[in-house]
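Notes follow the structure.
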Amino acid sequence: MLGIVSYGAYIPIYRLSREAIGAMWNKAAAKGERAVANADEDSITMAVEAVLDCLRGMSREEVDGLYFATDSPPYVEKQSSSIIRAAADLREDILTFDIAHSLRGAGSALRAAMDSVKAGSAKRVMVATAENRIPPPNSDLELNLGDGAAAFIIGDSEPAAIIEGSYHVSSEFVDIWKKPEDKYMQTWEDRFVRDQSYTKMIPRAAAGLFKQLGIGPKDITKAAYYGPDARTHSAIGAAIGLDVKTQVQPPLLESIGNTGNALAPMILISALEEAKPGDKLLFATYGDGADAFLLTVTEAIEKVRDRRGIKRHLGSKLMLPNYGKYVELRDLMEWETGRRPARRSSLPVIWRERQHLFPLYGQKCQSCGSIQYPRQRICIYCQSKDNFEPIRLSDKTGKVFTFSMDQRAMEVVLPKVFTVVDLDGGGRFYSVMTDRDTSTISVGMPVEMTFRIQVEGSGLHNYFWRVRPIRC
């Protein structure tokens, strides 16, 4: 039985109220808030978070592929999925590829994963999607867009939700676009796009799926599908023939915002968090057409209830105090000269230390059992030489041993909190604390690892692990 074996999600800790955006531009704004990625986050780091959430309690060795969908990749020419694979410590001999250029990428990745498992070229495939799009200031998109990520493992054994079938529609319709030279995305008049595309493409794909499987709208327990705003989302549900109040999963638009490629998958995860065995879920993605999938929830859904998913991430947040802080996180202004000086990065060093930088491997002395990071030849405790075994530290938690704050460091969100952490199970890690409220930091505070942008240097995004207060 082919289906979703596991799921995971991620929502950045920061939120910006739409009221604060409206106040900045002296205009009325809808209620609610949007999720905002931290300055050290991008689509890669958020995808890593969702993938690790999806892998909770799962064997990383069993994943045979990683397909990543986004319209906001950090690199135009450099694969993102290979970095996600390395940070998640998945095998090197798996297939990784990126899907971009359409909001429909998550649906395409899901179908590709299904085909790989059906063909027997893979047993389990990770599908990840994340979005970190920057909207034009003082625009409707600025009010509506949000940041987030989702991930699924597609497999043919013990699925939490069986994929009964899929139906796909392709269309050349132009609604939202961005050329290589454009800084921001562009859109057409919303009523035309809503009436000619959203309320036709997704219902058409759903109708094709219903006919294929011999079912109707009344057979659907919950529907999780893409919609750019609340009004359009409701109109799509009505066009499909669903009871919007009882059969449509709330779209998260008021609490998170439109997370692009990740939106429909995140809504699906919120539906799975509430689903019972036997429930039938309609899942649909949109962009240059539409994809529709039917899922039937199984008893195995109970095995994946421990994910942070959507609910637990929603309950963990910090509000940005004002629009100015958002501008700073997004680097939307020219700052004074010298505030963020140019830095250099060494590609040979990054390559040589890749196992210690991306999946964060330390070493355990086989003579005395002490855990140490970074690697070295001599044990600092028992002085034995070259007698270590690798140990992954990225999934460890710990407690703050000591910390200091620097108000003049090269960091977007000041102060920069330098932290020494005693890891649970042994070992000590020196890092920077992110996603923190400085008024609550204390010695002994429990922290966990998070994959982030460490510095920008030599035209590269340099990724490494930081610590943060344990979320959820």
Side-chain angles (χ1 to χ4, degrees), residues 1-4 7 102-115 117-118 127 129 150 152 154 156 159-173 175 193-228 230-252 261 263-298 301:
M1 295 183 294
L2 177 69
I4 294 175
Y7 62 79
S102 173
L103 291 175
R104 191 181 167 192
S108 301
L110 179 58
R111 176 56 190 264
M114 291 168 55
D115 290 346
V117 175
K118 283 181 180 179
V127 173
T129 176
F152 301 99
I154 307 302
D156 60 1
I162 299 169
I163 301 176
E164 305 285 2
S166 65
Y167 191 88
H168 309 272
V169 175
S170 177
S171 172
E172 72 281 12
F173 188 88
D175 54 358
V193 174
R194 180 180 65 247
D195 295 345
Q196 297 301 318
S197 187
Y198 287 113
T199 57
K200 290 185 177 180
M201 296 299 175
I202 295 180
R204 180 181 168 190
L209 179 66
F210 294 160
K211 182 178 180 181
Q212 181 185 96
L213 299 177
I215 63 172
K218 67 179 184 306
D219 298 304
I220 301 300
T221 308
K222 288 290 183 180
Y225 54 85
Y226 179 86
R231 180 182 178 185
T232 303
H233 191 269
S234 295
I236 293 170
I240 293 173
L242 301 169
D243 184 324
V244 176
K245 292 184 178 180
T246 62
Q247 289 182 286
V248 175
Q249 185 69 20
L252 305 173
N261 259 294
L263 180 59
M266 293 174 76
I267 298 172
L268 176 59
I269 290 172
S270 69
L272 288 170
E273 289 175 334
E274 303 170 350
K276 302 183 298 294
D279 285 355
K280 292 192 178 298
L281 308 179
L282 173 65
F283 172 58
T285 58
Y286 168 88
D288 300 283
D291 307 297
F293 304 83
L294 182 71
L295 296 88
T296 300
V297 179
T298 74
I301 192 69

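These numbers were taken from a predicted model, which means no experiment stands behind them. Values below: all heavy atoms of this structure, side chains included; hydrogens, waters and symmetry mates excluded.
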Shortest non-hydrogen separation from I236 to G227 and the atoms involved: CD1-CA, 4.3 Å
Any side-chain heavy-atom pair from [X] and [Y] closer than 4.5 angstrom?
X: Y7; Y: L268; result: no
X: L294; Y: Y167; result: no
X: P217; Y: L242; result: yes

Can you tell me how far [atom2] of [Y] sits from [atom1] of [X], rounded to the nearest 0.5 angstrom?
X: K222; Y: L295; atom1: NZ; atom2: CG; value: 15.5 Å
X: D115; Y: I154; atom1: CG; atom2: CD1; value: 11.5 Å
X: D219; Y: L282; atom1: CG; atom2: CG; value: 11.5 Å
X: I202; Y: S197; atom1: CD1; atom2: OG; value: 8.0 Å
X: K200; Y: D195; atom1: NZ; atom2: CG; value: 8.0 Å

Parallel under 30°, tilted from 30 to 60°, perpendicular over 60°: which one fits the rings of Y286 and Y226? parallel
The complete set of side chain to side chain donor-acceptor pair (under 3.5 Å) pairs with one or both residues in residues 230-239, sequence neighbours excluded, reads D229-T232
Any chance the side chains of [X] and [Y] put a donor and an acceptor closer than 3.5 Å?
X: D288; Y: S171; result: no
X: T285; Y: D291; result: yes
X: H168; Y: S166; result: yes

Pairs where residues 203-214 contributes a residue and the test salt bridge (charged side-chain N to carboxylate O under 4.0 Å, His left out) is met, not counting sequence neighbours: none
Residues 274-281, side-chain donor-acceptor partners within the protein, below 3.5 Å, at least two apart:
residue, atom, partner, partner atom, Å
E274, OE1, Q249, NE2, 3.4
D279, OD2, K276, N, 2.9
K280, NZ, T296, OG1, 3.0

